[in-house]
Amino acid sequence: MGPSALRGGHFSFWMPFLALLIAVYTIDSTKSQRLSFSLTRSDRGVKYPLLKANKGLLGVNKGLCMRKKDKSSVIDRQATVKPFASPPPTKPAILRLREFQGAPGVEMDELLKDPLKFRVLTYNVLADGPRYALSDYHGYSPIEHRRWKSRYPRILSEIKHYDPDILCLQEVTRPMFQNSFYRDLQSEYTGVYAAKSDRRSKYQTSAMFLRTRRFKVLNGSLVSFARMSEDYFRSLGAHEGGFNDLDLMARMGAQDDKALIALLEDRTAKRKLIAISTHLYWNPKEPHVKSLQAFLLARATSDFIERHQLDIDEIPLVLGGDFNSLPIKTVPDIYDPVIPPEGLQSGVYAGITTGKIASEHPDHPKQRTKAQCVGDLDLDFSLESAYAKVFGEEPLITTKTDKFSGTLDYIFFKNLEVGSALRMPFNESSLGNFRPIPNSAWPSDHLLIASDLFYP
């Protein structure tokens with residue numbers, strides 16, 4: 001059924017959004033579960049799809065169908081999929097294994113015995129295709145190390161070895177999700193995929209996998225930063241402002257980055273949990289765009305929590321992703337020619353860890369553009385970094401190409417305790433010997449990071 005079936009009445013309001021698509025698949029060993037998505041409004045006028053689980057079996061793969069749920073203004077989306085055939089046998093991947101280090105005061109032996117701990121892993125797997133892994137940007141890496149058929153078995157082996165309960169993935173295309181990750185993880189995980197549109201399967205986005213026996217997916221939301229920014233700027237009157245305000249509004253609307261928010265029920269701990277996976281805008285020339293995206297993600301999360309009558313000061317929350325932002329910059333470059341003696345935290349990192357991006361911050365839109373419509377960015381809450389809690393600082397790097405190396409990937413949390421974090425495969429003295437990736441040892445241009453968390 002196409003959008004034309006929804007013409008007339010207030011359903012026409014949602015027509016521009018029907019290109020946004022989430023495919024959710026979950027299968028356990030004995031039966032299948034169908035997950036349906038609904039579009040609704042938040043209290044702040046921001047629109048994003050909601051997910052809720054319904055009982056029922058998956059049918060034959062006939063694509064998406066949409067139907068009116070009832071006489072209300074809610075549109076119900078159901079995704080059905082035929083399970084993929086088992087993958088052909090592959091050669092065992094050679095892994096460079098790393099160990100977990102306990103947080104200060106945490107005994108690893110005791111932590112591993114704790115039935116309530118859960119492991120979170122986030123991984124930018126480098127999207128397959130001529131726009132990404134096979135592009136000239138990664139030409140420093142031999143082509144045999146960039147082909148998906150070579151990289152994927154090693155990526156999958158890494159994931160299975162570290163055995164996460166919550167898996168956040170970035171740079172996943174639809175074929176990668178359907179024909180690789182979902183195919184091989186469906187027996188143990190519920191998969192959630194944030195597609196950019198119904199047809200643009202070659203473009204990368206985020207995904208999330210939740211261990212089915214540990215977590216039940218109660219509800220969820222797809223956050224489109226482009227759509228949220230339009231509503232946010234209209235609330236500020238930016239659409240009636242000058243050229244600079246309109247230009248900032250256009251720049252934000254042009255970036256089709258996404259986040260996934262899921263409300264989970266921990267079957268073991270008998271309590272609720274929020275899990276989020278995201279990938280922020282990449283361009284180092286426009287840190288103000290990333291700062292606004294971080295702000296919008298926090299606002300969407302607050303709205304989501306409020307809508308489900310939860311308390312932000314009590315609900316456990318974990319956020320994993322590629323934020324394309326350094327924790328701190330100490331050396332001037334073309335983007336920040338002046339660095340204070342104490343260093344410069346990125347707007348994204350400062351906002352997430354302190355809950356605010358002041359208008360005076362160099363990464364605030366007022367400092368990077370001439371737009372005047374945006375004031376201080378209050379994120380409503382702050383989060384802690386798992387790696388900073390365990391090691392006292394963020395990793396030296398989480399990505400390395402022949403043009404750039406730095407820390408862009410993080411696991412943040414709130415109302416939880418961190419038990420351990422996965423060590424990096426280098427230290428300060430050996431970092432110089434770590435070659436650009438992907439290569440024969442590491443299958444992506446990012447390194448995965450992981451952490452064990454538990455309830456206080």
* Among Thr401, Asp445, Asp402, which residue meets the side chain to side chain donor-acceptor pair (under 3.5 Å) test with His138? -> Asp445
* Taking Glu158 for its side chain and Leu448 for its backbone only, find out whether a donor-acceptor pair lies under 3.5 Å. => no
* Asked: Where does the angle between the aromatic ring planes of Tyr189 and Phe209 fall among parallel (under 30°), tilted (30 to 60°) and perpendicular (over 60°)?
  -> perpendicular
* **Atom pair CD/OG1 of Gln204 and Thr173 - distance to nearest 0.5 Å** => 9.0 Å
* With a cut-off of 6.0 Å (strictly less than), are more than 12 heavy atoms of other residues, nucleotides or ligands near CD of Glu144? -> yes
* Measure from the side-chain N and O atoms of Ser430 to the backbone N and O of Phe426, and report whether any donor-acceptor pair falls under 3.5 Å. => no
* Would a line drawn from the ring center of Tyr162 to the ring center of Tyr123 be shorter than 6.0 Å? -> no
* Asked: Taking atom types as modelled, is there a side-chain donor on Asp184 or Tyr152 under 3.5 Å from an acceptor on the other?
  -> yes
* Asked: When you look at NZ of Lys149, are more than 12 heavy atoms from neighbouring residues, nucleotides or ligands closer to it than 6.0 Å?
  -> no
* To do: Might you point out which heavy atoms bring Thr407 and Pro327 nearest each other, and give the distance in Å?
  => O-CD, 3.6 Å
* Can you tell me if Arg98 uses its side chain to pair, donor with acceptor, with the backbone of Arg423 under 3.5 Å? -> yes
* Heavy-atom side-chain contact between Thr278 and Leu319 under 4.5 Å -> yes
* Asked: What distance separates Ile315 CD1 from Asn415 CG, expressed to the nearest 0.5 Å?
  -> 8.0 Å
* Is a side-chain N or O of Arg267 found less than 3.5 angstrom from the main chain of Thr212, in a donor-acceptor match? -> yes
* To do: Of all the heavy-atom pairs spanning Phe215 and Leu273, show the shortest one and how long it is.
  => CE2-CD2, 3.6 Å
* Non-hydrogen side-chain atoms of Met176 and Val125 separated by less than 4.5 Å -> yes
* Please work out whether the ring planes of Tyr410 and Tyr349 are parallel, tilted or perpendicular, with thresholds of 30° and 60°. => tilted
* Measure the spacing between CG of Leu383 and CZ of Phe412 and express it to the nearest 0.5 Å. => 7.0 Å
* side chain to side chain contact (heavy atoms under 4.5 Å, CB included) between Tyr281 and Phe225, intermediate numbers included -> CA-CA 10 Å; Tyr281 182 49; Phe225 296 126; over 6 Å; no
* NZ on Lys160 to CD on Glu188, rounded to 0.5 Å -> 7.0 Å
* To do: Output all residues satisfying side-chain contact (heavy atoms from CB on, under 4.5 Å) with Ser420, sequence neighbours left out; order by chain, then residue number.
  => Phe100, Met108, Leu111, Asp452
* Do Arg214 side-chain atoms and Asp266 backbone N/O form a donor-acceptor pair below 3.5 Å? -> no
* Asked: How far does OG of Ser291 sit from NE2 of His361, to the nearest 0.5 angstrom?
  -> 7.0 Å
* Asked: Hey, does the side chain of Gln255 reach the backbone of Arg251 with a donor-acceptor pair shorter than 3.5 angstrom?
  -> yes
* To do: With rounding to the nearest 0.5 Å, note down the distance linking NZ in Lys272 to CG in Leu317.
  => 14.5 Å
* Asked: Would you find a donor on one side and an acceptor on the other, under 3.5 Å apart, between the side chain of Lys400 and the backbone of Phe434?
  -> yes
* Asked: Which atom pair, heavy atoms only, marks the closest approach of Tyr193 to Ser206?
  -> CD1-O, 3.9 Å
* Does atom CG of Asp311 have more than 12 heavy-atom neighbours, drawn from other residues, nucleotides or ligands, at distances under 6.0 Å? -> yes
* Asked: Residues two or more places apart in sequence or in another chain: which of them pass side-chain contact (heavy atoms from CB on, under 4.5 Å) with His145?
  -> Ser141, Pro142, Ser440
